[in-house]
Amino acid sequence: HLYSNRYTGDKVIRLIPNTEEEAYALKKICHQLKVDLWQPSSVSYVSEGSVTDVRIPQNGSRILLAFLQEANIPHKILIDNLQKALERERSLQAQRNRR
Amino acid sequence: SLSEYNYEVYHTLEEIQNWMHHLNNTHSGLVHMFSIGKSYEGRPLFILKLGRRSRAYKRAVWIDCGIHAREWIGPAFCQWFVKEALLTYRSDPTMRKMMNHLYFYIMPVFNVDGYHFSWTNDRFWRKTRSRNSGFRCRGVDANRNWKVKWCNEGASMHPCDDTYCGPYPESEPEVKAVANFLRKHKQHIRAYLSFHAYAQMLLYPYSYKYATIPNFSCVESAAYKAVNALRSVYGVRYRYGPASSTLYVSSGSSMDWAYKNGIPYTFAFELRDTGHFGFLLPEVLIKPTCTETMLAVKNITMHLLKKCP
């Protein structure tokens, strides 16, 4: 199994805080949930209006998404299941190799 | 052969190093491979020197890819660049001029340990793989480890953070090896280009502060023309500008260090995309990404050759 299935259920979520208060709250929860920041490279860069992409495991994503909805922070799920995305790409690769 | 190697897939470290050895053996007129040192885990740090051999003095361009392990499109581009250089040297007047007038030092994988780890264990690993004394976390951000306002804004002092600057500047053997090489050859290295992902940006100094570089005029016009050339291929827009205001402030970057150490034209590319795939840029997008970026790099090179002091 690709990477021993370690990314099963991982999501990549885009967050765009509207205010500095939202940005502060996001920094706090990202730190607590130990997200993997895809962009920017450090949580200290998260600010009002900044585009923030985070990778988060399944358990954490439920908490994060609930928080985002409650706080009304704009967000979008970029990749719903990272493991599936990796495997899809791998199977496409195998198909191309066979061709 | 050059044409049998597949440049539209991502390759393991071993495959890339075998490919480098192969080119060194089969294209000795234009390619010379050498090592500048060893990584933390003991892997060789290979460089390809491209260009027509000449007894006359020639300036050089340094290109590195894969400072951050998970940014796989970077090493893919470095390989693409080499392929294009060798395949089109005779047919493309621009490439011929580049190879005749300049040497290109290409480091396809800067962070060899991290890249290998991203293939075998953690696809989203970023840092090097050095051990941090007293901490369970490993690795240093190789783009925060250079001695230019080291460990200031935009870098972290905590070993478990992804932007950890390291225990001291150039603590990472990979960074030290490249820094030593650039110091030794800085008299004839004219430009430094570093390839990262993702954001679709072309950046120049400074990263560590909000200020205008002394040779802004030439650098800015090179960047402007490069992004326009890039966009002309598939319509993809890249933003450009000083890294501090275009991306964010970060200290200890290789681009800033190279500039501070006398290389007058330094750029960092953040390749495709802007987040739809992020680090998982599909292999079908390697070709368009590299094709447009190739045009940008040729543009920058020719601009610097013809228009800049």
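Lettering follows sequence order; numbering is per chain, from 1. Since this is a predicted model, take the numbers as computed values, not measurements.
- Within the 4.5 angstrom heavy-atom criterion, only side-chain atoms of A/Ile79, from C-beta onward, approach chain B.
- Using a 4.5 Å cut-off on side-chain heavy atoms (C-beta onward), B/His68 and A/Ser41 make no contact.
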From CA spacing to verdict: side chain to side chain contact (heavy atoms under 4.5 Å, CB included), A/Leu86, B/Leu280: CA-CA 8 Å; A/Leu86 284 163; B/Leu280 296 183; 3.5 Å; yes
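- A salt bridge links B/Asp122 to A/Arg6: at least one charged side-chain nitrogen sits closer than 4.0 Å to a carboxylate oxygen.
- Here CD of A/Gln39 is found 8.0 Å from CZ of B/Phe279. Values are rounded to the nearest 0.5 Å.
- Under the 4.5 Å side-chain criterion, counting only non-hydrogen atoms from C-beta, A/Asp36 is in contact with B/Asp162.
- Within a 6.0 Å sphere centred on CD of B/Glu14, heavy atoms belonging to other residues, nucleotides or ligands number 12 at most.
- Panel note: side chain B/Glu283, backbone A/Gln93; no donor-acceptor pair is recorded below 3.5 Å.
- Remark: B/Arg123 does not engage A/Asp10 in a salt bridge, criterion side-chain N to carboxylate O under 4.0 Å.
- For a residue to count as touching a neighbouring chain, one of its non-hydrogen atoms must lie under 4.5 Å from one of that chain's; by this rule B/Tyr198 touches chain A with backbone and side chain alike.
- Using a 30° and 60° split on the angle between ring planes, A/Trp38 and B/Phe124 fall in the tilted class, from 30° to 60°.
- Within 6.0 Å of the NZ atom in A/Lys27, the count of heavy atoms belonging to other residues, nucleotides or ligands exceeds 12.
- The minimum heavy-atom distance between A/Arg14 and B/Gly275, with the atom names listed, is NH2-CA, 3.4 Å.
- Contact annotation for A/Arg88: neither backbone nor side-chain heavy atoms come within less than 4.5 Å of a heavy atom of chain B.
- Within a 6.0 Å radius of CD in B/Glu15, other residues, nucleotides and ligands contribute more than 12 heavy atoms.
- Taking every heavy atom of both residues into account, B/Ser250 and A/Tyr45 meet most closely at CB-OH, 3.5 Å.
- Neither the backbone nor the side chain of A/Leu2 comes within contact range of chain B; no heavy atom of the residue lies under 4.5 Å from a heavy atom of that chain.
- Heavy atoms of other residues, nucleotides or ligands lying less than 6.0 angstrom from NZ of A/Lys11 number more than 12.
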Test log, rule side chain to side chain donor-acceptor pair (under 3.5 Å), inputs B/Tyr248 and A/Ser44: CA-CA 10 Å; B/Tyr248 40 69; A/Ser44 61; over 6 Å; no
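- Distance check: A/Ser42 OG to B/Arg144 CZ gives 8.0 Å after rounding to the nearest 0.5 Å.
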